[in-house]
Amino acid sequence: MMTIKQYIESVMSDAISRTYNTTINPNISKTSKPIFGDYQANFAMKLAGSIKDNPITIANTVVKALADDSHITTSVAGPGFINISISSALLIEQLNQILACPRLGIEPTNSVRRIVVDYSNPNIAKEMHVGHLRSAVIGDSICRILTFLVHDVIRQNHIGDWGTQFGQLIEYLIDLKHLGEDTTIRDFNAFYQAAQQCFNNDPAFATRSRKRVVLLQSGDPETLELWQQLVDQSYSYFNTIYPKLDLLLTMDDIRPESYYNPMLADTVQELVALNIASYDDNAVVVKLDDIKTKSGDSMGMIIQKSDGGYLYATTDLAALKYRVKTLKADEIIYVTDHRQKLHFDMVFKTAKLAQWIDDSYPIQHVSFGAVLGTDKKPLKTRSGDLITLRQLLDEAEHKAATLLSQKSHSNDNQNIANIIGIGSLKFSDLSADKQKDYLFNWDQMLSFDGKTAPYLINAYVRIQSILRQYPKDQSPRIADDFTSPFERQLALKCTQFADVILESTEGFEIQKICQYVFELAQLFHQLYEHCPILKCSPELMNHRIALCQITAKTIKQSLHLIGIRTCDYM
Ligand code: ARG
């Protein structure tokens with residue numbers, strides 16, 4: 001099904017090619033205010049530059065060529081914009097199609113691609129922190145959108161379970177066992193710090209740790225067994241976090257760093273043989289002429305240290321090759337914070353030099369900024385420690401439960417507190433511009449006013465309550481015309497859902513979906529305030545109920561695509 005925007009794009013492109021015998025993107029967008037019409041075309045200024053004509057003349061000529069179209073009315077404004085109003089008939093035809101379509105008018109893609117999404121990615125024997133929350137929430141939403149479009153999505157949780165730090169962690173575990181102490185790591189941060197302190201202050205411990213790394217890398221069974229204990233304890237910790245967050249990720253999606261360990265030596269050798277990497281003081285380095293340091297020198301990426309050890313970058317190169325050659329990915333998306341930008345630039349460039357992928361292969365780093373408190377400093381607990389993800393999730397549910405105890409009459413409060421609490425965390429994260437640092441603010445995210453999950457879930461609950469009161473002997477039906485501008489504005493917004501979802505796949509600006517669903521809920525509230533829905537003639541009631549139904553489904557589907565659940569009561 002063609003959306004209204006796509007319809008306008010097609011008739012506008014056709015009119016441009018008939019009048020100017022050229023193809024140019026008609027650049028259709030929504031207008032900022034209803035008085036300017038429903039959509040706007042901004043191409044005349046650009047075309048004027050290339051064909052050396054006046055933009056107003058161009059806009060007028062194209063408007064004239066569209067005069068016969070019964071679905072749109074156009075007029076020229078300002079320096080050459082074309083304002084476009086659509087007919088009620090077109091709007092109603094669209095609404096009827098959406099009403100009848102379980103996918104709300106969004107067609108599955110006609111070019112299915114296998115897409116690897118690398119996200120969440122916590123580390124073994126370390127607490128998860130808010131950075132891992134951002135990666136998990138953004139990555140999960142990307143997977144949900146791509147899956148809804150029926151792409152073949154492969155989720156990959158690239159857990160950090162390998163590296164030199166495991167030498168000290170294992171030695172520390174051994175020491176604890178010797179002392180007869182409980183070796184269940186309840187507090188990962190304390191365990192990690194204690195191991196690090198021993199390494200820094202006790203030379204004998206440091207020597208043992210270095211030896212232990214070599215034993216681990218050479219596959220010594222006893223060392224692997226101890227390493228496995230650390231891994232198992234971390235996995236059971238992740239299993240307390242993931243279900244709370246309602247992510248798509250399962251244990252089957254874990255392909256940790258250690259998985260690639262057997263491939264690292266070959267990866268390095270291949271790059272050396274291809275002359276992409278070379279020895280430098282016994283270390284192996286990839287020279288990247290296109291990527292410069294601040295002082296203008298070519299960047300080098302170390303892929304093997306002089307002691308023979310491999311690095312984070314080596315693992316990422318092996319993983320990339322595995323994803324392309326073995327998983328047969330057509331596209332790869334990495335979701336991590338923006339401090340890893342240079343790392344991924346170098347990894348992607350190396351993969352292109354090695355011709356594992358060509359220059360046009362879609363591979364992208366979807367990056368995000370830090371999570372900070374309202375004081376613009378890293379999030380801390382009241383006692384001054386960095387806040388862990390577990391504390392954050394518990395607090396979200398606790399705060400939502402308190403809020404509901406003042407507001408709600410439902411006896412399902414614990415479930416609703418989870419939906420509202422976790423939904424608030426996710427929504428406020430996703431609705432922020434992910435390129436910027438994000439200021440974490442409990443009061444704001446849990447408010448029932450403004451662009452928040454509680455506001456949206458509340459709008460959904462309100463519609464459900466209206467639908468429950470709708471007489472059973474009636475059936476919803478869009479009327480032949482609109483009786484109020486509030487109906488029309490809401491209807492127009494409902495028809496824009498497909499455009500928003502399709503546009504969100506370019507660069508994954510998920511905040512656009514958040515903005516859309518917020519505007520949709522606002523328009524519903526305006527209708528609700530200004531127009532009776534149940535207390536009017538049956539014809540009008542059926543028409544408004546049909547609009548409410550589409551709105552509720554669209555809110556639910558939008559929230560589902562960003563990983564937020566709804567409830568029918570509150
Ligand atoms: N474990 C890493 C961290 O906590 C993130 C891994 C990102 N993914 C990757 N393929 N390098 O920073």
Side-chain angles (χ1 to χ4, degrees), residues 115-140 142-143 153-166 169 188-189 192 196 227 230-231 234-235 237-238 241-242 245 247 249 251 253-261 263-264 267 286 301-303 310-327 329 331-351 356-357 361-371 378-379 386-390 392 434 437 508:
I115 306 176
V116 164
V117 186
D118 174 310
Y119 73 107
S120 182
N121 311 328
N123 301 311
I124 294 297
K126 264 194 179 170
E127 277 282 353
M128 286 172 89
H129 54 73
V130 284
H132 295 120
L133 175 70
R134 289 209 94 178
S135 173
V137 167
I138 297 170
D140 216 52
I142 292 176
C143 290
V153 176
I154 303 184
R155 300 180 294 265
Q156 293 284 276
N157 193 351
H158 192 83
I159 287 182
D161 66 345
W162 205 247
T164 47
Q165 73 276 24
F166 282 91
L169 294 172
F188 286 115
N189 285 348
Y192 206 94
Q196 217 165 20
W227 169 82
L230 294 175
V231 172
S234 295
Y235 279 18
Y237 158 68
F238 299 150
I241 299 281
Y242 282 146
L245 273 173
L247 299 176
L249 273 182
M251 287 292 132
D253 301 321
I254 296 180
R255 201 170 317 257
E257 291 186 20
S258 59
Y259 183 82
Y260 304 100
N261 191 42
M263 307 170 200
L264 301 181
T267 306
V286 179
M301 178 169 71
I302 306 179
I303 55 173
Y310 301 107
L311 297 103
Y312 182 58
T314 330
T315 303
D316 256 323
L317 287 169
L320 194 161
K321 186 174 174 195
Y322 175 82
R323 289 163 183 182
V324 175
K325 305 283 180 208
T326 308
L327 298 181
E331 177 171 348
I332 312 177
I333 297 169
Y334 297 78
V335 191
T336 77
D337 74 65
H338 55 35
R339 288 171 306 177
Q340 300 206 30
K341 180 179 184 303
L342 179 62
H343 163 76
F344 284 116
D345 281 351
M346 295 199 290
V347 168
F348 299 168
K349 186 72 207 174
T350 306
W356 297 335
I357 53 176
Y361 185 94
I363 187 161
Q364 57 173 321
H365 175 209
V366 174
S367 64
F368 51 81
V371 183
L379 278 189
L386 278 186
I387 212 156
T388 67
L389 189 51
R390 194 193 330 222
L392 207 66
K434 62 179 159 17
D437 288 345
F508 294 103

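Counting convention: from 1, in listed order, for ligands and their atoms alike. For this chain, numbers begin at 1 and follow the sequence in order.
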Exercise. Determine the interplanar angle of the His158 and Tyr312 rings, folded into 0 to 90°, and report it as parallel if under 30°, tilted if 30 to 60°, perpendicular if over 60°.
Key: perpendicular

Quiz prompt | Closest protein heavy atom (residue, atom, distance) for atom 12 (O) of ligand 1 | solution = Gln340 NE2, 3.2 Å

Exercise. Keeping the roles fixed (side chain from Lys434, backbone from Phe508), state whether a donor-acceptor pair exists under 3.5 Å.
Key: yes

Quiz item: Given that the side chain starts at C-beta and the backbone is N, CA, C, O, which of these parts of Asn123 lies under 4.0 Å from ligand 1, counting heavy atoms, or is it both or neither?
Solution: side chain

Quiz item: Taking atom types as modelled, is there a side-chain donor on Glu127 or Tyr237 under 3.5 Å from an acceptor on the other?
Solution: yes

Practice problem: With the side chain counted from C-beta on, respond yes when Tyr322 and Arg255 share a heavy-atom pair under 4.5 Å apart, and no when they do not. | Solution: yes

Quiz item: Do NZ/NE/NH1/NH2 and the carboxylate oxygens of Lys349 and Asp345 come within less than 4.0 Å?
Solution: no

Quiz prompt | No-hydrogen, no-angle side-chain donor-acceptor test under 3.5 Å, Tyr192 and Asn123 | solution = no

Quiz item: Which of the listed options, Tyr312, Tyr119, Tyr260, holds the heavy atom that is closest to atom 6 (C) of ligand 1?
Solution: Tyr312

Quiz item: Any heavy atom of Gln156 sitting closer than 4.0 Å to ligand 1?
Solution: no

Quiz item: Any nitrogen or oxygen of His132, main chain or side chain, under 3.5 Å from a nitrogen or oxygen of ligand 1?
Solution: yes

Quiz item: What part of Asn121 sits under 4.0 Å from ligand 1 if we count only heavy atoms: the side chain, the backbone, both or neither?
Solution: both

Exercise. Among all protein heavy atoms, pick the one closest to atom 8 (N) of ligand 1 and tell me residue, atom and distance.
Key: Asp118 OD1, 3.1 Å

Quiz item: Does His343, backbone or side chain, put an N or O under 3.5 Å from an N or O of ligand 1?
Solution: no

